[in-house]
Amino acid sequence: MTYQDARPATGLQDAILRHLTYTIGKDTAHATLHDWRMALSYAVRDKIVDSWFVSTRTAYEAGAKRVYYLSMEFLIGRLLGDALVNLRFDAEAKAAVEGLGLSFDAVLHDEPDAALGNGGLGRLAACFLESLSTLACPAMGYGIRYEHGLFRQSFEDGRQIEQPETWLQQRHAWEFERPEAMYRVGFGGHVADQDDRAVWTPAEAVLAEAHDTPVVGWQARWTNTLRLWGARAGDPLDLKRFNHGDYVGAAAAEMLARSISRVLYPDDTTPAGKELRLKQEYFFTAASLHDILRRFDSEHGDIRALPDKVAIQLNDTHPAIAGPELVRLLHDERGLPFDEAVDLARRTLNYTNHTLLPEALEKWPVDLMRHLLPRHMMLIDRIDADHAAHFPARPTPIVADGEVNMGTLSFVMANRVNGVSALHTELVKQTVFADLHALHPERIVNQTNGVTPRRWLHACNPRLSGIITGAIGEGWVGDLEQLSGLEPHLDDAGLQDAIAGAKRANKVDLSNWVSATHGVSLDPDAMFDVQIKRIHEYKRQHLNILEAVALWQAIRANPNAGWTPRVKIFGGKAAPGYVFAKKIIHLINDVARVLNADPVTSPFLKVVFLPNYNVTLAERLIPASDLSEQVSTAGKEASGTGNMKFALNGALTVGTLDGANVEIRDHVGAENFFLFGMTAPEVVARRAVPDHAGQAIAADPRLAAALEAIHQGAFSSDDPNRYHDITGNLRGPDYFLVCSDFTDYWRAQRAVDAAYRDGAHWTRMAALNTARSGWFSSDRTIRGYMADIWGATSLRPGA
Ligand code: F58
């Protein structure tokens, strides 16, 4: 790396060089790419800090209500590019970095992707933080500073291999340690009665140490904080044991404490690590509530004003222990009567439900809860008894069959409960919380998810962003509904050509990258058909690969039938303990190997599974996609947010009436969306039909032949039986109704083929998807939460 010191340095270059020298301690001759990236990040961070201080001061002086978003996951990805865009500093930074003789792209790509989340729930939290800042809503995100985020995925002979993720191996440029914000979090021990209140003496305690990352909003209008807790031992070293030569034993307490913030929970299927998971949940919830009350005390006097000044959002049930913990703090520690403590807590807390899948609705064994959190278990029992006494006619127990139902606890302790799409919220009312909804009909509200347009269009798709700005000005970046202003321009042939050209250029970029990094060559004129999301049976990646097999067979049978060239691209991780999902990955890779090597079919059909799907890969893929696969079994995908990112970037959707697909179709127009499959009520009815899968297979020879090829080992000649569990499942119970939806999926896909062949029409449909996706901004979602759930206001007039 050479610094071209012949040129005069700009202000930003000065700042970078100053940080390189005085923060990193390197001179230009010896600086590595990492050193330069850190120096640039620090220079950019300095700029954010100014806005951060102003925001903090403004919120304090206004005595404003604050929003606290408690989430086990924040899938923030890389921060440098995002910060530059929001500061409107990207062009200057590029010039400065290139002026120093460096590749700007290489510097940006040096940053690790912070994968502190599993999927949609964690990414939603990250989008929300950015929108909260853009809207100048005083807010703070609270979570865990995992040392290892979501595992790194690679493939070995097509099988998923998991390796630890190491985003903190190098220093994290964006955070500020706050050793002064440290709280003790206890576990276990015993409870002594003291009148009506109780004194809890924990058996062990760990320290929660705060690490703050500023989150800058669009145009640096406002900056909020993401506060992540790291766990430490109160007493880091047992000196006595150390001095006796027991070095491992001497550090045992520290190791145990640190394990709490060591690894992100990677698995949504196995009971393993249950105790650690519950500890993680209590650890970050308790630390956050201490912090919230400390801030409340320093700003306001009377604790009874808590619901007027504080709104807490529980992102799923993972922080559900906040209910009993807040009651404990108010009742046991501050002496409020129990009923009043419950009332204050309930008026402060709100809960978002993200799933109806029974296996993902948290339940904790009473014994474990009593062992780890004895006082909380007593309070849960009392809250449960109180609720039952109020509503004796309709029992909705929190504790049943030896388990604490965290969904019920969250509902009972919440001011508002929300689902994440219109359909999902209706199903929440009709299914998991039907009884509670009958008792509290005003409590459930809908807030359909959204995505931040800064990261998910403006920054990740600069070509399309530039075209839109050229047509309608740049107001859309901060007010996405303005995209509708594009519609009157869409008959302009020049604009259409520009949009088609941008998509093609994005596809060329992606093809070059796939070829360079994965050795697969892709034709940028083929349709890029993309399914990226966690691997799960309900998301039905196996429906997609089954269609690929059927298509392959059809092309082989009739190679000259004028097939529309297509590349099916997959990305996504399976939970390490989810055997069936890992089998689906293996199958996709096996099918890809056979299809891509077939000289007859490969000009028309290729399959690629890109490893280690993460936020950064999504930013690469979505702008280059033509077709978005949103094919979940209706009623199972709560919302989806990838579906919104694709539509916004001008990909057409092939999808079921599930989650937010329903609203996307309503917005973009049924004629610009490829609908297939059963509706949620039809799914329920179909499941009751005996041998529904057998019937579907008997009625569709294509489906039968595709299943048979997989069963016979056409893609696994080294182990012909490898996929018998998949074919057996699909021919048998087929709970997710892959077979019953296959025929209509095939039909929809052929309609997609035909539409793609009419390039001009396709481009128009794609552009209409962009122009009509303004409603899916997370700014709209956050405005909804502010008005309907939090009662919070923006501190920037007009936001
Ligand atoms: C997702 N949930 C929903 N959970 O599946 C998706 O439809 C929705 O759009 C998104 O939330 C945002 O509302 C989700 O991502 C998890 O990742 C759980 C984390 C904890 C372990 C179990 C899975």
Side-chain angles (χ1 to χ4, degrees), residues 69 71-75 115-128 143-144 146 149-151 263-274 276-278 280-281 284 313-320 351-363 406-407 417-425 427-428 446-452 456 532-540 572-578 581 613-615 618 630-646 655-656 658-664 680 776 778 781-782 784-785:
Y69 199 81
S71 178
M72 283 287 272
E73 306 192 3
F74 286 93
L75 195 41
L116 309 184
N118 279 291
L121 173 154
R123 182 55 233 174
L124 184 76
C127 283
F128 278 7
I144 297 180
Y146 301 106
L150 187 60
F151 66 87
V263 199
L264 168 76
Y265 179 65
D267 204 322
D268 41 12
T269 56
T270 67
K274 263 196 175 289
L276 183 59
R277 170 89 173 160
L278 182 55
Q280 287 186 327
E281 294 186 354
F284 99 96
Q313 193 67 33
L314 309 181
N315 195 26
D316 217 295
T317 55
H318 317 142
Y351 153 58
T352 304
N353 173 282
H354 294 269
T355 188
L356 301 170
L357 296 183
E359 69 271 24
L361 291 166
E362 286 189 303
K363 287 183 180 163
M406 302 307 270
V417 175
N418 76 287
V420 290
S421 74
L423 173 66
H424 169 65
T425 299
L427 294 174
V428 164
N446 179 55
Q447 296 299 338
T448 299
N449 286 341
V451 301
T452 166
W456 293 111
I532 42 176
K533 47 183 81 249
R534 287 300 290 254
I535 311 299
H536 204 291
E537 285 163 278
Y538 85 77
K539 295 178 187 276
R540 299 200 295 193
K573 297 177 182 178
Y578 191 172
Y613 175 62
N614 57 15
V615 172
Q630 307 299 336
V631 303
S632 52
T633 315
K636 293 293 178 193
E637 188 69 271
S639 162
T641 44
N643 47 3
M644 301 168 186
K645 296 167 195 165
F646 279 108
T656 48
D658 199 15
N661 292 355
V662 178
E663 289 150 275
I664 292 176
F776 296 97
S778 46
T781 315
I782 287 298
Y785 276 80

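Each ligand, and each atom within it, is numbered from 1 in the order the structure gives.
At least one N or O atom of Glu637, backbone or side chain, sits closer than 3.5 Å to an N or O atom of ligand 1. For ligand 1, none of its N or O atoms has an N or O atom of Gly122 under 3.5 Å away. Every N/O-N/O distance between Leu124 and ligand 1 stays at or above 3.5 Å. Polar contact with ligand 1: present for Ser639 (N/O pair, distance under 3.5 Å).
For the atom pair CD1 (Ile664) and CE (Met644), the distance works out to 5.5 Å, reported to the nearest 0.5 Å. Note that CE of Met406 and CG of Leu361 are 12.0 Å apart. Values are rounded to the nearest 0.5 Å. Considering CG of Asn449 and SG of Cys127, their distance stands at 9.0 Å, rounded to 0.5 Å. The distance from atom CG of Leu116 to atom OH of Tyr146, rounded to the nearest 0.5 Å, is 8.0 Å.
For ligand 1, the atoms closer than 4.0 angstrom to any heavy atom of Ala638 are 7 (O). Listed by atom number, the atoms of ligand 1 under 4.0 Å from His318 heavy atoms are 20 (C). Near Gly120, with a cut-off below 4.0 Å to any heavy atom, the atoms of ligand 1 are 10 (C), 11 (O), 12 (C), 15 (O). Proximity to His354 (heavy-atom distance under 4.0 Å) selects the following atoms of ligand 1: 3 (C), 11 (O), 12 (C), 13 (O). Short contacts between ligand 1 and Arg277, defined as distances under 4.0 Å to a heavy atom of the residue, involve ligand atoms 20 (C). Close contacts between ligand 1 and Tyr538 involve ligand atoms 5 (O) [criterion: under 4.0 Å to a heavy atom]. Near Glu73, the atoms of ligand 1 lying under 4.0 angstrom from a non-hydrogen atom of the residue are 19 (C), 20 (C).
Inter-residue side-chain proximity for Asn315 and Met72 is flagged as unmet; no heavy-atom pair is nearer than 4.5 Å.
Ring centroid separation for the pair Phe284 and His318 does not come in under the 6.0 Å cut-off.
Proximity of a side-chain donor or acceptor of Thr656 to a complementary backbone N or O of Ser632 within less than 3.5 Å is detected. At least one donor-acceptor pair closer than 3.5 Å links the side chain of Lys573 to the backbone N or O of Phe151. Remark: the backbone N or O of Ile535 is not paired with any side-chain donor or acceptor of Tyr578 at under 3.5 angstrom.
Under 4.0 Å from ligand 1, heavy atoms of Leu121 appear from its side chain as well as its backbone. Proximity of Met72 to ligand 1, defined as any heavy-atom pair under 4.0 Å, is not found for any part of the residue.
Ligand 1 has at least one atom lying under 4.0 Å from a heavy atom of Asn449. Under a 4.0 angstrom heavy-atom cut-off, Gly659 registers as lying outside contact with ligand 1. Using 4.0 Å as the threshold, Arg534 has no heavy atom nearer than that to any atom of ligand 1.
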Asn661 vs Glu637, side-chain contact (heavy atoms from CB on, under 4.5 Å): CA-CA, chis, key distance, verdict: CA-CA 9 Å; Asn661 292 355; Glu637 188 69 271; over 6 Å; no

